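Any value given below was found using the heavy atoms of this structure, including those in side chains, with hydrogens, waters and symmetry copies removed. In what follows, chains carry the letters A, B, and so on, assigned in the order in which the sequence lines appear, proteins first and then strands, with residues in each chain numbered from 1. What you are looking at is a predicted structure, and each value in this text was computed from that prediction instead of being measured.
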Protein chains: 2
Amino acid sequence: MKWIESSMVEKVNQQSKAPRTYGQFCALARSLDVVGDRWVLLIVRELLPGPMRYSDLKSSLAGIATNLLASRLRDMEANGIVERRLEESGVVYGLTDWGAALREPMEALGRWGTPLLATGRGDDSFQPRWLTLALPALLQGVAVAPAVEVGIEVDGFLMVLRVDEEGPQAFVRPDQRPRTVLAAAPDVVVALAAGGITVDQALAAGTLEGDGRALRRVFADGR
Amino acid sequence: MKWIESSMVEKVNQQSKAPRTYGQFCALARSLDVVGDRWVLLIVRELLPGPMRYSDLKSSLAGIATNLLASRLRDMEANGIVERRLEESGVVYGLTDWGAALREPMEALGRWGTPLLATGRGDDSFQPRWLTLALPALLQGVAVAPAVEVGIEVDGFLMVLRVDEEGPQAFVRPDQRPRTVLAAAPDVVVALAAGGITVDQALAAGTLEGDGRALRRVFADGR
DNA sequence: CCGCATCCTCATGGATACTG
DNA sequence: CAGTATCCATGAGGATGCGG
């Protein structure tokens with residue numbers, strides 16, 4: 001019988017290399033086996049507003065090594081939380097339904113960690129699209145009728161925050177520019193949503209286009 | 001939510017060694033800077049039912065290296081999520097209020113990962129006290145009046161599941177043994193709470209002491 | 001025993017260079 | 001653009017030691 005080649009052995013060993021697992025019969029532990037690795041939840045956060053390409057992921061996630069991003073995307077695909085799709089524009093990565101369902105625990109964890117933002121931005125990196133996760137998370141439980149739509153513009157990036165009787169939602173690429181748009185710095189928007197400052201203080205610190213009544217309905221009346 | 005809690009912010013900032021941080025102005029990323037390291041959330045899970053000693057933590061968390069546990073507890077104390085207390089019985093580690101507030105994101109993540117339990121226990125480790133996190137998480141939204149208390153006994157460990165109009169809660173060390181106690185294997189209890197099996201199927205698979213009506217009010221009527 | 005600290009090994013993460 | 005390949009630094013896991 002012929003001895004197998006060393007290259008095959010390496011491959012086999014790579015494949016059979018058991019991934020590091022907690023080995024616990026616990027939903028939390030098994031979740032962490034899937035999403036507990038470094039960068040994984042941040043990749044999910046990037047993809048929540050919609051599919052992205054590899055290079056866009058890499059530039060949004062300042063500091064991630066390219067091999068690590070590739071490795072994570074492979075693992076996440078194998079675990080069923082992202083899908084690699086080949087579209088006309090090229091390769092895009094999008095969340096599966098199960099992956100998108102991570103929004104709830106991620107919102108909860110973001111709410112928990114909001115006090116950590118009190119130290120300010122410093123020279124941390126920031127992407128406006130992250131606010132599409134943060135704003136609905138911070139406004140959980142807020143409901144208004146009839147529905148209100150306000151634009152939030154940060155660093156020239158426009159998103160729409162909509163609150164109806166169901167609760168808050170945030171979108172990118174709105175069909176049309178809302179009548180009321182608040183343009184402000186990231187920390188101002190976050191402090192407003194977290195209830196740390198009032199609408200009037202936010203208006204003084206930022207710029208507003210349209211009237212502030214819609215803002216008050218979302219950030220003041222609703223709570 | 002409270003916006004600025006300067007004491008906790010100072011604690012977080014006074015970490016001695018420069019920790020590996022994502023460097024992002026995002027509540028989720030900053031949360032992961034604090035609780036994203038391996039074992040951290042599992043240590044929190046252990047401490048949620050109540051303070052524990054070092055050696056009990058170590059034996060509950062099969063596979064954690066002793067130096068790692070010590071290091072994590074130091075970091076978690078510096079980050080303001082655990083407190084090291086010296087009691088008559090010795091050194092105990094307990095959660096701060098902020099640390100205990102991790103229950104919500106952890107419940108959400110556990111709910112997300114519950115499908116991962118479908119493969120069964122295998123030879124994974126298991127601690128009955130983990131169910132005090134899982135059961136209320138899986139029964140979220142369930143409310144009954146008047147209140148029901150049922151005992152859940154797994155591996156000889158008895159806990160009490162109480163559901164009232166506020167929602168579900170689970171305790172250890174009950175004042176008195178509930179009139180109805182379900183003794184069953186971990187997977188049976190989980191499947192019951194997750195809605196994968198009915199009360200009658202669970203009763204067939206496990207043993208019941210008392211009548212099943214209380215169980216049905218929690219696991220059937222409530223949903 | 002309990003509560004760690006030290007030492008060692010190897011897997012994982014991070015930075016950079018390179019390629020189809 | 002979408003990744004590999006490579007090398008080095010760091011972190012995790014396991015055994016052992018050690019003072020209280």
Side-chain angles (χ1 to χ4, degrees), chain A residues 7 10-11 13-24 29 32-43 46-47 51-79 82-94 125, chain B residues 15-24 29 32-43 46-47 51-78 82-94 125:
Chain A
S7 62
E10 284 166 17
K11 274 235 166 168
N13 284 344
Q14 268 192 342
Q15 285 176 351
S16 65
K17 165 179 76 176
R20 186 147 54 184
T21 172
Y22 287 112
Q24 298 182 351
L32 292 172
D33 285 338
V34 173
V35 300
D37 278 348
R38 206 164 154 74
W39 292 107
V40 170
L41 283 183
L42 298 187
I43 295 173
E46 296 302 317
L47 297 180
M52 291 177 74
R53 289 183 304 174
Y54 184 91
S55 53
D56 293 329
L57 277 171
K58 177 145 172 40
S59 55
S60 279
L61 296 168
I64 193 174
T66 174
N67 58 347
L68 210 37
L69 176 57
S71 169
R72 290 294 184 261
L73 287 171
R74 257 194 310 269
D75 296 344
M76 293 166 77
E77 188 182 7
N79 285 332
V82 302
E83 278 172 352
R84 185 192 144 106
R85 291 189 286 249
L86 193 58
E87 299 194 351
E88 330 80 51
S89 56
V91 182
V92 296
Y93 292 92
S125 68
Chain B
Q15 290 167 359
S16 46
K17 283 196 280 188
R20 193 190 310 188
T21 172
Y22 287 111
Q24 298 182 351
L32 292 172
D33 284 338
V34 173
V35 300
D37 278 349
R38 204 165 157 74
W39 293 107
V40 169
L41 282 182
L42 298 187
I43 295 173
E46 295 303 318
L47 297 181
M52 291 177 74
R53 288 184 306 174
Y54 183 90
S55 52
D56 293 329
L57 277 171
K58 174 137 177 46
S59 55
S60 279
L61 297 168
I64 194 173
T66 173
N67 57 347
L68 207 41
L69 176 57
S71 169
R72 288 293 183 264
L73 287 171
R74 255 195 313 265
D75 296 343
M76 293 166 77
E77 189 181 7
V82 302
E83 279 172 352
R84 186 192 144 105
R85 293 189 283 249
L86 194 57
E87 301 194 349
E88 327 81 51
S89 55
V91 182
V92 295
Y93 292 90
S125 68

Please state whether the phosphate of D/dT4, meaning OP1 or OP2, lies under 4.0 angstrom from any side-chain nitrogen or oxygen of A/R74. yes
C/dC1 phosphate, OP1 or OP2: any side-chain N/O from B/R53 under 4.0 angstrom? no
Is there a donor-acceptor pair under 3.5 Å between the side chain of [X] and the backbone N or O of [Y]?
| X | Y | value |
| --- | --- | --- |
| A/S59 | A/S55 | yes |
| B/Y54 | B/T66 | yes |
| B/R72 | B/R38 | yes |
| A/S60 | A/L57 | no |
| B/Y22 | A/A62 | no |
| B/K58 | B/I64 | yes |

Rounded to whole angstrom units, what separation is found between the [atom1] atom of [X] and the [atom2] atom of [N]?
| X | N | atom1 | atom2 | result |
| --- | --- | --- | --- | --- |
| A/E88 | D/dC1 | CD | C1' | 16 Å |
| B/R84 | C/dC2 | CZ | P | 15 Å |
| B/D33 | C/dG13 | CG | P | 16 Å |
| A/L69 | D/dT4 | CG | P | 10 Å |
| A/Y93 | D/dA2 | OH | C1' | 7 Å |
| A/D75 | C/dA11 | CG | C1' | 14 Å |
| B/L32 | C/dG13 | CG | C1' | 16 Å |
| A/K58 | D/dT4 | NZ | C1' | 13 Å |

To the closest 0.5 Å, what do you measure between CH2 (A/W39) and CD (A/E46)? 9.5 Å
Between CG on residue B/D56 and CG on residue B/L61, distance to nearest 0.5 Å: 10.5 Å
Axis-to-axis angle across the helix from C/dC1-D/dG20 to C/dG20-D/dC1, five pairs an end, to 10 degrees?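 Angle reported: 30°, given to the nearest ten degrees.
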Heavy-atom side-chain contact between B/R85 and B/V91 under 4.5 Å: no
Take nucleotides 12-20 of chain D nucleotide by nucleotide from the 5' end and write B, S or -, depending on whether a protein heavy atom sits under 4.0 Å from the base, only from the sugar-phosphate, or from neither. SBBBB----
